[in-house]
Amino acid sequence: MHLILLAAQVCFASLPVAGRLAMQGSIGPAGIVLARMLGGALVFALIAWQRGVLRLDRRDIPAMIGCALIGVAANQELFVQGLARTTATNASVLGSTIPVFTALVAIALGRERAQPRRLAGIGVAFCGVAALVGADQMSIASGHLLGSVLILINSLCYGTYLVVVRPLAEKYDPLGLIAWLFLFSVPMVAPLGLVEISDAPPLHAGDIGFFAFLIAVPTVAAYGFVQIALRTTESSLVAAYIYLQPVLATVGAMFLLDEEPTLRTAVCGAIVLLGVWLAARRAR
């Protein structure tokens, strides 16, 4: 299970680099979100249909729509739109609050107990992420306030999703569930995406390649691994692994963008790993 969670974060960590390269092409952020949503819905639905797990209890439709809204549509739109209106440092620091919201929502709803070791691990990992991305450089200027608020709301939405989706995750096959969530999310992101696509110039081969990667790796593979994990483990543990994303993204930038590694990166990465290890340990 820990290998599955690690694989999910590797896939998610590929999104910043590939997404930034894709946005240098013909389509803006909302168009990329729509492309990921359509591609993910198609792939997940086809796989689930072939496996015979594309079933749906009508009584679960309202819960499905709610989870699709906060966990897929709002999660992607708020992060991309927030990133366009704030600094990368703000987005990284505020995005790493997802496990905090997950733990708090799970405890508030009585889904999980307040385990001191897990809460301590979340706190240690958050400090490591904040130091890694430079929390001391966070900007609270009015020009960045809206984007920072959007990122923070995104974290609340996804942290809440990881908790409230658990009953559905226990009832449905992971691929069948994520297929329905993506299918319900497509109409939610279509208006903004269609506007951008209609105004965009013709796509080039490089644009299509980036879109294919964004659909296959940080969308299909990443969300699929998370749903598999949610079927058998606690929401706060799944959320704790989110702290690995900045570390993995930094490593990817070193190799793909020729960025120089620093002592700060190594030390902060070790702190993040320590926090995740503490959060992942089970009490005796």
For [X] and [Y], which heavy atoms make the closest approach, and how far apart are they?
X	Y	result
V217	S14	CG1-OG, 3.6 Å
T219	L214	OG1-O, 2.6 Å
V220	G40	CG2-CA, 4.1 Å
A45	L54	O-CD2, 4.0 Å
A229	L5	CB-CD2, 3.4 Å
A73	V189	CB-CG1, 3.9 Å

Flag side-chain contact, heavy atom, 4.5 Å: [X] against [Y]:
X	Y	result
Y158	T102	no
N154	Q76	no
I70	V164	yes
I151	F79	yes

Quick check on the hydrophobic clustering: are [X] and [Y] connected, directly or via other members, by side-chain heavy-atom contacts under 4.5 Å?
X	Y	result
L42	V33	no
M37	M188	yes
L194	F182	yes
V195	L34	no
F44	L46	no

**Message:** Can you confirm whether more than 12 heavy atoms, excluding those of R55, are under 6.0 Å from its CZ atom?
**Reply:**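 More than 12 within 6.0 Å, yes.
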Got a second to check how far [X]'s [atom1] is from [Y]'s [atom2], nearest 0.5 Å?
X	Y	atom1	atom2	result
N75	L162	CG	CG	9.0 Å
D173	W180	CG	CH2	13.5 Å
I153	L78	CD1	CG	6.5 Å
E77	L69	CD	CG	11.0 Å
R51	L175	CZ	CG	5.0 Å

**Request:** Give every residue pair that meets the salt bridge (Lys or Arg N to Asp or Glu O under 4.0 Å) criterion with at least one member in residues 150-166, sequence neighbours excluded.
**Result:**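 Listed once each, the pairs are R166-E170.
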**Message:** So does P218 get a backbone contact from the side chain of R36, meaning a donor-acceptor N/O pair under 3.5 Å?
**Reply:**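 Present.
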**Message:** F101 vs L152, test: side chain to side chain contact (heavy atoms under 4.5 Å, CB included). Steps then yes/no.
**Reply:** CA-CA 10 Å; F101 284 116; L152 197 60; 4.0 Å; yes
**For Y172, side chain to side chain donor-acceptor pair (under 3.5 Å) partners two or more places apart** =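 Y172 satisfies side chain to side chain donor-acceptor pair (under 3.5 Å) with D60 only.
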